[in-house]
Peer 1: 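Take this structure, written in structure tokens, and hold onto it; I'll ask about it next.
Numbers restart at 1 for each chain; the letters A, B, ... are given by sequence-line order, proteins then strands.
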There are 2 protein chains.
Amino acid sequence: MGAHDRISAGGGHVPALRRAVAILDYISASSEAPTLSGLARALGLPKSTAHGLVQAMEELGLLARAADGTLRTGPHSLRWAGDFLARTDLVSAFRQSIAESWRSAQFTVTMTVLDGNEVVYIACSEANRPLDVAFRIGMRLPAPFTATGKALLAARPDRDLDALFARGFPAPLTRYSVASMPDLRRELAETRQRGFSIDDGQIREGLFCLGATVGDHAGQAVAALALSLTRSEASPDMVAMLGRSLMDAAADLSRRLGAG
Amino acid sequence: MGAHDRISAGGGHVPALRRAVAILDYISASSEAPTLSGLARALGLPKSTAHGLVQAMEELGLLARAADGTLRTGPHSLRWAGDFLARTDLVSAFRQSIAESWRSAQFTVTMTVLDGNEVVYIACSEANRPLDVAFRIGMRLPAPFTATGKALLAARPDRDLDALFARGFPAPLTRYSVASMPDLRRELAETRQRGFSIDDGQIREGLFCLGATVGDHAGQAVAALALSLTRSEASPDMVAMLGRSLMDAAADLSRRLGAG
DNA sequence: CCCGTTCGTTCAGTATATTGAACGATAGAT
DNA sequence: ATCTATCGTTCAATATACTGAACGAACGGG
């Protein structure tokens with residue numbers, strides 16, 4: 001019985017693994033810890049299948065069960081994520097090439113990855129001069145408000161958007177924060193046309209950021225670079241110049257990733 | 001040469017998932033990025049099985065392939081790890097139980113995870129009195145100099161060490177910082193015998209820290225606690241007493257993780 | 001108290017994923 | 001140039017994991 005409208009339509013084989021990933025993604029994305037039955041219902045899985053999977057994932061440390069039976073993410077993935085951050089060429093290449101050149105130019109450069117509808121900071125190179133917001137590794141911000149988030153969202157097919165924000169749009173951080181899906185779509189369209197993204201005071205008033213994506217060998221956007229400056233510095237000429245430089249830097253990083 | 005060369009056949013079901021986890025663990029633990037065949041050989045998997053799994057894991061973002069075909073961990077697990085850090089009982093349990101009791105005792109307590117050969121601070125409870133170093137979440141320090149880093153390194157098999165420092169030993173932060181692999185191995189041996197680790201001025205002169213690991217249900221060390229005081233307070237009796245208390249606190253946290 | 005609902009769990013049959021063997025390609029050595 | 005040893009990949013047959021249905025338990029309202 002080929003029910004094609006299950007979890008991943010574009011799928012292939014190894015359904016057990018794909019379902020385990022879907023389970024972890026669902027738990028990570030949902031705000032409330034689900035129960036076994038609720039999980040099966042939400043993902044369209046037979047109860048018995050979910051039961052077997054959850055049991056195995058629990059043994060493996062991928063899932064943890066609270067006393068009341070609700071499911072949470074387990075600690076096992078910390079090992080892989082730590083390895084990714086440490087060993088992948090992303091952060092080291094960032095440090096070696098990009099950070100140095102921009103730091104000498106007195107700009108703060110950050111790098112993030114997309115995690116659901118939030119960005120996670122995985123590398124930062126702060127300028128010598130003080131900026132009134134401190135980026136820290138591991139920090140999270142809503143993707144629609146950040147330059148890196150917009151760059152990463154713009155690189156994804158438009159139809160993914162609704163799923164990412166099915167549970168509501170994030171609350172605005174400033175009066176300039178994009179507040180609705182239509183506004184976001186318009187900004188993403190502008191980003192695609194321009195080649196880089198702009199955040200003008202949407203996470204902090206007076207803070208102006210430019211963003212561009214870094215792709216892997218397959219062209220998939222895996223991270224994004226951002227350049228932070230104060231709004232008073234952001235003249236049109238300056239923005240255009242810095243935007244081009246940022247796109248060059250991102251393309252350079254992409255090449256390093258592709259070359260291995 | 002991972003922790004478990006064989007995938008326990010007598011274990012349970014869902015072999016695809018168990019093997020995927022074994023693959024990610026192997027890649028995370030090994031120093032060099034393996035190839036598909038090498039991976040299959042090391043884990044005792046049929047080549048075709050490994051091929052199908054790796055292909056699916058690549059599509060899912062769990063694995064990434066470099067241009068030369070070698071395999072690395074992918075960015076997908078970042079989502080789960082981030083969720084774990086944000087939502088799981090680790091940080092909240094830390095805040096609820098440990099931090100309060102020690103804070104009333106005027107001590108600074110911190111928690112870190114290992115990330116390559118660095119530790120990343122994931123929780124901090126600073127004492128009311130000023131200490132001359134500020135720990136911030138997301139901050140990184142070289143593992144060999146910190147109490148938590150030594151505790152986490154001591155929990156790993158000794159043969160993993162060379163791989164972690166293949167690219168060189170970190171530059172010393174003070175004149176007391178451990179400066180070579182033999183010195184580090186000696187300190188780790190002392191740590192294993194003592195049950196907790198000690199940093200005596202290796203990240204900052206005059207700062208004295210004790211460390212102990214927190215393990216998950218499988219006994220794997222996933223994080224470490226540290227207690228910070230000034231060197232003048234660190235009398236032998238005081239160190240012994242605080243060390244025992246810290247080990248108790250770490251064991252209590254481990255139980256909370258295991259129990260869910 | 002009894003009933004309806006939801007929970008987690010078990011089990012045998014079948015649809016399905018795993019696998020051993022063989023393929024073409026590449027690289028280094030003879 | 002030939003040979004050998006890897007590499008990654010494909011495919012049909014079988015051993016296996018998934019699933020639909022049924023179970024006991026727990027909860028809450030009528």
Peer 1: With R167(B), which residues qualify under salt bridge (charged side-chain N to carboxylate O under 4.0 Å, His left out), at least two apart?
Peer 2: none
Peer 1: Can you tell me how far OG1 of T213(A) sits from CG of L152(A), rounded to the nearest 0.5 angstrom?
Peer 2: 7.0 Å
Peer 1: Encode nucleotides 6-13 of chain C as B, S and - characters from 5' to 3', where the letter depends on protein heavy atoms closer than 4.0 Å: B to the base, S only to sugar-phosphate, - to neither.
Peer 2: -SBSB---
Peer 1: Mind checking what makes salt bridge (charged side-chain N to carboxylate O under 4.0 Å, His left out) contact with R156(A), not counting sequence neighbours?
Peer 2: D160(A)
Peer 1: So that I can tick it off, tell me whether D25(B) and R18(B) are bridged by a salt bridge, with the cut-off set at under 4.0 angstrom between side-chain N and carboxylate O.
Peer 2: no
Peer 1: For nucleotides 26-28 of chain C, list the nitrogen or oxygen atoms of the protein found under 3.5 Å from its nitrogen or oxygen atoms, one pair per line.
Peer 2:
none

Peer 1: Quick one: pull up CG in N117(B) and CG in L153(B) and give me the separation to the nearest 0.5 Å.
Peer 2: 8.5 Å
Peer 1: Have S77(B) and S77(A) got a donor and an acceptor in their side chains that come within less than 3.5 Å?
Peer 2: no
Peer 1: Pairing donors with acceptors under 3.5 angstrom, does anything connect the side chains of T148(A) and T112(A)?
Peer 2: yes
Peer 1: Tell me: CE of M57(B) to P of dA17(C), nearest whole Å?
Peer 2: 18 Å
Peer 1: Expected output check: what is the dot-bracket annotation of DNA chain D, where ( ) and [ ] are pairs inside the strand (brackets for crossing ones), | is paired with another strand, and pairs are Watson-Crick or G-U under 3.5 Å?
Peer 2: |||||||||||||||||||||||.||||.|
Peer 1: Residues in side chain to side chain contact (heavy atoms under 4.5 Å, CB included) with S177(A), at least two apart?
Peer 2: F145(A), P172(A), L173(A), T174(A), Q202(A)
Peer 1: Heavy atoms only: give me the nearest V14(B)-G52(A) pair and the separation to one decimal.
Peer 2: CG2-O, 4.1 Å
Peer 1: Round to a whole Å and report the spacing from CG of L45(B) to P of dG8(D).
Peer 2: 14 Å
Peer 1: Specify the separation, in whole Å, of atom CD1 of I23(B) and atom P of dT18(C).
Peer 2: 11 Å
Peer 1: Taking the side chain of V14(A) as its heavy atoms from C-beta onward, which of dC18(D), dT18(C), dG20(C) lies nearest to it?
Peer 2: dT18(C)
Peer 1: Whether R19(B) contacts dT19(C) is assessed here as follows: a side-chain N or O lying under 4.0 Å from the phosphate OP1 or OP2. Is that the case?
Peer 2: yes
Peer 1: Which atom names give the shortest non-hydrogen contact between L53(B) and A16(B), and what distance separates them?
Peer 2: CD2-O, 3.8 Å
Peer 1: What closest approach, in Å, do K150(B) and L188(B) show between heavy atoms, and which atom pair accounts for it?
Peer 2: O-CD2, 3.4 Å
